[in-house]
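Both backbone and side-chain heavy atoms feed into the values below; hydrogens, waters and symmetry mates do not.
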Amino acid sequence: MTAKQIRVMVLNDMEKLDRTLFRLEQGFELQFRLGPTLQGKHLHVHTNYPAEGERFERHKFRALDWINPTGREDDSDKFCTLDLKISGSYQYYFGHGDKEKSGGGYIVVDPVLRVGADNHIFPLDCISIQTYLSKCLGPLDEWLDRLRVTKETGYNMIHFTPLQTLGESRSCYSLADQLELNPDFSPPGQTYTWTDVGNLVEKMKNEWNVLCITDVVYNHTAANSKWIKKHPECGYNLVNSPHLKPAWVLDRALWHITCAIADGKYEDWGLPALIQNHEHLHAIRGVLWQDVFPKIKLWEFFQVKVEPTVEQFRDLLQSAKPDRSKTEGRQQLKIIQDPQYRCFGNTVDMNSALETFVPHGNSPGAIEDCCNWLRRRLEELNGEQYHEIQHHQEQATNCIDGTVSYERIADHGPKLGPVTRKHPLVTRYFTFPFEDATLEQDLELMNQPEKSCHFLAHNGWVMGDDPLRNFAEPGSNVYIRRELICWADSIKLRYGSGPEDCPYLWAHMQKYTEITAKHFVGVRLDNCHSTPLHVAEFMLEAARTLRPDLYVVAELFTGSEELDNVFVTRLGISSLIREAMSAGDSHEEGRLVYRYGGEPVGAFLQPSLRPLVPSIAHAMFLDVTHDNECPIQIRSVYDSLPSSAIVSMACCATGSTRGYDELLPHQISVVSEERFYSKWNPQAKPSSPEEVNLQSGIIAGKLALNQLHQELASKGFNQVFVDQVDEDIVAVTRHCPSTHQSVVAVCRTAFKNPKHHRYTDEVPSMCIPGKIEEVVLEARTVERQAGSYIKDERSINGMPGYTVEIKEHIQLKDSKGSRSCFCCMTLADMNVLLFRCDAEEKEEGGGCYNIPGWKPLKYGGLQGLLSVMADIRPKNDLGHPFCDNLRQGDWMIDYVSNRLISHGGTLAEVGQWFQAMFTYLKHIPRYLIPCYFDAILVGAYTTALDVTFKQMSSFVQNGSSFVKLLALGSVQMCAVGRFPALPPLSPALSDVPYRVSEITKQKEECCVSLAAGLPHFSAGIFRCWGRDTFIALRGLMLVTGRHLEARNIILAFAGTMRHGLIPNLLGEGVGARFNCRDAVWWWLQCIQDYCTMVPNGTDILQCPVSRMYPTDDSKPLTAGTVDQLLYEVIHEAMECHMQGIEFRERNAGPQIDCNMRDEGFSIVAKVNPDTGFVYGGNRFNCGTWMDKMGESERARNKGIPATPRDGSAVEIVGLCKSALRWLVELHKQGLFPYNSVAIHKDGKQLSMSYDEWDRKIQQNFEKMFYVSHDLNDPNEKHPELVHKQGIYKDSYGASSPWCDYQLRPNFSIAMVVAPELFTVEHAWEALNIAEDKLLGPLGMKTLDPDDMVYCGVYDNSLDNDNYNLARGFNYHQGPEWLWPIGYFLRAKINFAKKLGKDTYDKTVYLVKNVLSRHYVHMERSSWKGLPELTNENGQYCSFSCETQAWSLAAVLEVLHDL
């Protein structure tokens, strides 16, 4: 069963896609999903796609319901959906908050056409259409004989030009009556109706499998239409469009010039009736400028009469007291156009005049001066209007000159001969249904509405005009500038803005549309680019009411794909007509085939659920249209067949005009052609002009090509490749990705006549990869003895002297020319299959695959390959170096399988499966390998992910895409390397994984370890860090359900405890450094989380721990020598701190840290007995996560920590409080035997209960850490250092007191682990300040930007004199780290819950909005991870790990909290 096709439209704020085309098919599902700018917002999506069972109404919108399949944790999978079952154009828009519309666009759903008595589906790409001039079909009872030519030539669709009564010009597109069938179709004594036409159309559909469409013409009607005389308001006349009066005056003047030239009255001017040269054109210019323009004075329509206006102004000045306080010239004086366009009918705004021209007094002299100022200004304004009209007249003169030159002088023009009243100097722009008189008498009619309403503007087209502008409306000067290429037989229709503006016209055209839609499966929108969009929308809506699957075709001349899309999207156009005749050579013709349809050959297989991407309009690619010049005249007769073959290989609708296949050697005129088409007769003689058969012209070749075109489309040959073999030969390949078959058409074009042009006899050899089964078709045009061409007077006949020699289905010798192997894999195996960066691969003796001339992949596993292919696949970027490498050899293919086989075990089985699959791949044409390699890998990758998530927690299994993506970070970071990274666990511990060492051949533990980050902290001694491991462990292992592996890591680190501390750098335990004060507290927090989150989690407290260092000074012991239970190790850590930890690191000196000063190797960690706060460190070491040690001798910061954070760091105090609270509770439950810690002091044994220690921290935390708004707060030791109030200190008791007061994000960690320490109001204020000052796009600023040492750009390679920057000294002094954002957001969520629903809802919106940026980053990241840090404002930092364990974990924990 074929999977349902789902397309995803990602919505982004302020993204307006009105000019972007999105095409979909019926049966598709469209999902609207939130982009990063909208996640967390209360978004509403509206569409006018009707609800099931309702009728479509364009202006009726409904809101869509949101579906969130995975619950509430984030918006990454939230969507609303449309099941698309009805064709047409549909609009959607969306908004949020107060914004009704903050984005939107259109979708176009293709119609489903059906044909035959069984009503089978007829794909749009199968269309082979032939156009007929309906008037040339003769009486209706003879149509089938003439139309049979279409059927026998293999076409499956007919396009009829309009079948209505034609106007007196006999143009096929000038209709006298839109509702009446052309009476020419009814022979004497017979009257056919639309029903008869409908029956014939239905007969062809059922018996011939041929569908029919026809034109609709909405722009104009014939000049002799009876109904327009009764309803002149339906056109643009001088009553409803008085702005056309100046243009009408010029038009009448030009008519009188025509009459005068025809009568010889301008011969004295050097202007005879027969215009033959440029001197005559120059004479026309003289007549216009000397005799016409001065006489008609067009400028007077735009000017103001000066003296009456001045007098009116004078009266106002004398009757009113001018207000001299008014600002002079505040409102610029300008002419107000008379809406009736009377000569000198314009005015000026007198208020503006009174403001602009203020007299200096009330004396007559002052008033006269003021009037003179106005008079001068009016004369200036009139002069400006005069000059503007002069520009219009210059353009009009140029246009007249160009028209006359083309029509009467140019060799390529019609050469109309002498100027006569039948062939005037220029085409008339307006109708004049009255007797000729003098120009003066004509002009008097302009002011008689009962007559001037019949002076109707003709239609036409304007070169280079904006198609979205109506050139007959006010604001356009097309008619006065004579820029219209005019159709004198057609009147332009004036619809207004809606049916209420011209009720008769809208009703008339709606009836016309309904008649058409009733009988035809589709319409061609004639002159679509000039049809008002709202009119076409209305009419097509009426048509689709009758025929929901209406096929709409149009030809657009907008000159812009973006403008084309406006029409396609608004009107739901199914196919745009494209012309092969627009190609000047075979290369361009081949390019058009590639452009207008299909995927590239070897395109990647796309999933059924994928993003909705912009489309180009579906094409109807035609050999020729009636607008084109005759191909035989401008190319050659020998090109008709090969060019037709090229067109037929296009993966879109194709077609031609009737006459092309018969080899008509001239253009068929839609205006003057009156002969009938020839009929079909299988026995017709070649010389018979009235009949044709398979031997006529190229009909036999076209039959084979049409059949091939339809077969390729119906059988899924939807991939196209065009090869320009040489200057004249084009090879077009159509490939079917499901059957893996290809059809190659090799076409030798003849754009030049071989009788006059020498073509080479040498044909380059072509390599066609794969096995050639047969030659489907071989054809060529040949001459025959059948007489020369004579144009028949009654029938439209072709050239009898040519036919096609054709052979079909020639044998080549005759021619002249998994899943089971994946299921056993552990998550550690998945790490190898999917990930492993270059350093990890090299530790195994390999490396990531390197593409020559490009770069190495990020991972050795499948993710490395799929990250690249994810960029290539949607764009089908087959020219990418990755694809080149696959085509050139099997290196990458072998790398995938051999890498896995080398690992042995289950991985080797998967490698062998790949090897077997790739065996088939190596035997297909090389150009197809990228596509199928991708398909195999995507299938394997999808299966691997399914197996991976099934081994994880229900939270992950049921989670959103974002949750799963983050959970994959657990697989990315947790690995078993070639060498064990963790120290051995107790032999008494059960469920520990083992393997046989490749090196020692002995049994060894193979527990996973957590990498701190990739690629920098992934292998060797720098892979495992205590702090990083336990900050990341909750998110990457407990939340994902990897409980056993988490237990082993907790116990392995427990075994390395020394001095009551957990190591920072693990070094397998034997090389551990105990130089951090916080790792032990993160370890304790993880044990607490393990006990809370894991079923029977408290069992871990009874697990044996093999102590590597049972005493501080013991040498490393082997596993099992000294075992303790975990709860004893926990108690030891607490007692050590209360006793006080103070020691010097072993091997202190440059051999373990080349930058640290000697004082820095002294480690101190103690508890303040008064406050209960853990404190320690000194100004020469850094014992928390902000651990940058200065390295620059030049800047003199070497050996000095940038952020020592000595004293009591806020997060350590919070973690300690969390541990104490937990231990007190455990003791109450009988799960922890100790209730106090014992210490020795001054020779005495003292003790402090865990409960008391817990209370001390509770009582002192707010007093000591909160920075109050009260400057006299008695708890504030250094009020002079306070620079931000309402925050929590970063530390308490630092050796440099000002460091305590620095705003950093660490307090939010304490808020999450020990929220009881904080008052809600104080916590919320501090979090809001942090949001304002520290929150970045992906991470948290590590220091307040207001701090004088803040610098947000980290560059570890920079060594200069700047103490605060050199060698990355600012690592934690501004750059935005990702993991703290997790704790910040979790703290916000936690405290928002306590402040009520409104606050909580706003917080969830913030959280989702922030997390959406992480989701987008991960989706786009080739590492599929989140970085360690970014520079300020989320800028990329090249020194950061590309994916960091604690970054992934912290964000996943936020989603878990939600």
Side-chain angles (χ1 to χ4, degrees), residues 111 113-117 119 122 127 129-151 155-167 170-218 221-222 225 508-526 539-540 542-547 549-553 626 655 657-658 670 673-674 676-677 679-680:
L113 302 181
R114 294 180 181 274
V115 73
N119 242 14
F122 178 89
I127 291 172
I129 193 170
Q130 192 170 40
T131 298
Y132 279 80
L133 303 187
S134 300
K135 67 178 180 178
C136 297
L137 281 165
L140 192 66
D141 48 18
E142 296 180 15
W143 280 24
L144 285 178
D145 291 334
R146 294 190 167 94
L147 296 174
R148 182 173 285 276
V149 177
T150 293
K151 173 183 177 291
Y155 293 98
N156 53 25
M157 184 177 277
I158 292 172
H159 163 225
F160 295 102
T161 59
L163 286 79
Q164 284 76 9
T165 305
L166 300 181
R170 297 288 295 165
S171 166
C172 292
Y173 291 96
S174 179
L175 309 183
D177 189 337
Q178 286 74 13
L179 309 182
E180 184 182 89
L181 185 66
N182 191 338
D184 295 353
F185 302 152
S186 300
Q190 179 77 43
T191 304
Y192 286 119
T193 65
W194 286 112
T195 303
D196 298 309
V197 172
N199 291 339
L200 185 140
V201 166
E202 192 67 14
K203 179 182 174 72
M204 288 191 287
K205 171 182 174 267
N206 293 331
E207 297 179 14
W208 290 3
N209 289 343
V210 171
L211 297 177
C212 298
I213 68 170
T214 187
D215 288 282
V216 282
V217 186
Y218 293 128
T221 191
S225 295
H508 181 78
M509 289 304 193
Q510 184 174 343
K511 283 181 202 165
Y512 162 47
T513 301
E514 289 167 348
I515 289 169
T516 306
K518 180 180 177 182
H519 299 298
F520 293 89
V521 300
V523 295
R524 173 185 173 273
L525 295 173
D526 180 59
M539 299 304 167
L540 289 176
R544 288 187 174 112
T545 303
L546 284 174
R547 190 177 290 272
D549 278 304
L550 185 76
Y551 180 54
V552 182
V553 184
H626 284 112
T657 59
R658 178 71 200 275
V670 298
E673 185 61 78
E674 294 291 342
F676 291 161
Y677 291 113
K679 297 178 181 178
W680 181 261

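- When each of V216, V523, T545 is tested with L540 by the rule side chain to side chain contact (heavy atoms under 4.5 Å, CB included), just one qualifies, namely V523.
- Ring geometry, F160 versus W143: the interplanar angle falls under 30°, so the pair is classed parallel (tilted spans 30 to 60°).
- Between M539 and M509, the shortest heavy-atom contact is CE-CB, 3.5 Å.
- Between the T131 side chain and the T657 main chain, no donor and acceptor come within less than 3.5 Å of each other.
- Taking NZ of K511 as the start and OG1 of T516 as the end, the distance is 14.0 Å to the nearest 0.5 Å.
- With respect to L163, the side chain to side chain contact (heavy atoms under 4.5 Å, CB included) criterion is satisfied by exactly one of L181, D184, N182: L181.
- Residues D215 and Y512 share a closest heavy-atom pair of O-OH, 3.7 Å.
- With rounding to the nearest 0.5 angstrom, the CG atom of L113 is 5.5 Å from the CE atom of M157.
- Not one N or O on the side chain of S174 forms a donor-acceptor pair closer than 3.5 Å with the backbone of S171.
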Test log, rule side chain to side chain contact (heavy atoms under 4.5 Å, CB included), inputs E674 and C136: CA-CA 6 Å; E674 294 291 342; C136 297; over 6 Å; no

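- Using a 4.5 Å cut-off on side-chain heavy atoms (C-beta onward), L525 and V552 make contact.
- In terms of heavy-atom proximity, L175 sits nearest to T221 at O-OG1, 3.0 Å.
- In this structure, L211 CG and I127 CD1 are separated by 8.0 Å, a value rounded to the nearest 0.5 Å.
- Comment: R524 engages D526 in a salt bridge, judged by a side-chain N to carboxylate O separation of less than 4.0 angstrom.
- A donor-acceptor pair shorter than 3.5 Å cannot be found between the side chains of Q130 and H159.
- Put simply, the side chain of S134 reaches to within 4.5 Å of the side chain of F185, judged on heavy atoms.
- Within the 4.5 Å cutoff, no side-chain heavy atoms of K679 are placed close to those of R148.
- If you run side chain to side chain contact (heavy atoms under 4.5 Å, CB included) between E202 and each of N199, L200, N206, only N206 comes through.
- Ion pairing between a basic and an acidic side chain is recognised when a charged N comes within 4.0 Å of a carboxylate O; R146 and E142 show such pairing.
- Smallest separation of non-hydrogen atoms from A543 and L550: CB-CD2, 3.7 Å.
- Proximity of C172 to K135: side-chain heavy atoms (C-beta onward) are separated by under 4.5 Å at one or more points.
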Step-by-step side chain to side chain contact (heavy atoms under 4.5 Å, CB included) determination, L137 to Y677: CA-CA 6 Å; L137 281 165; Y677 291 113; 4.2 Å; yes

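- Between T150 and W208, the closest side-chain pair of non-hydrogen atoms is not below 4.5 Å.
- At a cut-off of 3.5 Å, with distance as the only test, a side-chain donor of R658 or Y132 sits close to an acceptor on the other residue.
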Criterion side chain to side chain contact (heavy atoms under 4.5 Å, CB included) on T161 and Y173, from CA distance to verdict: CA-CA 7 Å; T161 59; Y173 291 96; 3.3 Å; yes

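- Counting all heavy atoms, side chain and backbone alike, P162 lies closest to V217 at CG-CG2, 4.0 Å.
- Between atom CG of residue D145 and atom CZ of residue F676 there is a gap of 13.0 Å, rounded to the nearest 0.5 Å.
- Considering NZ of K151 and CE of M204, their distance stands at 12.0 Å, rounded to 0.5 Å.
- Here the side chains of I158 and V210 are in contact, with some heavy-atom distance below 4.5 Å.
- The shortest distance between side-chain heavy atoms of L147 and W680 does not fall below 4.5 Å.
- For T513 against Y218, the heavy-atom pair with the smallest separation is OG1-OH, 2.8 Å.
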Criterion side chain to side chain contact (heavy atoms under 4.5 Å, CB included) on Q164 and W194, from CA distance to verdict: CA-CA 10 Å; Q164 284 76 9; W194 286 112; 3.4 Å; yes

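- Side chains of N156 and F122 form a contact here, defined as non-hydrogen atoms less than 4.5 Å apart.
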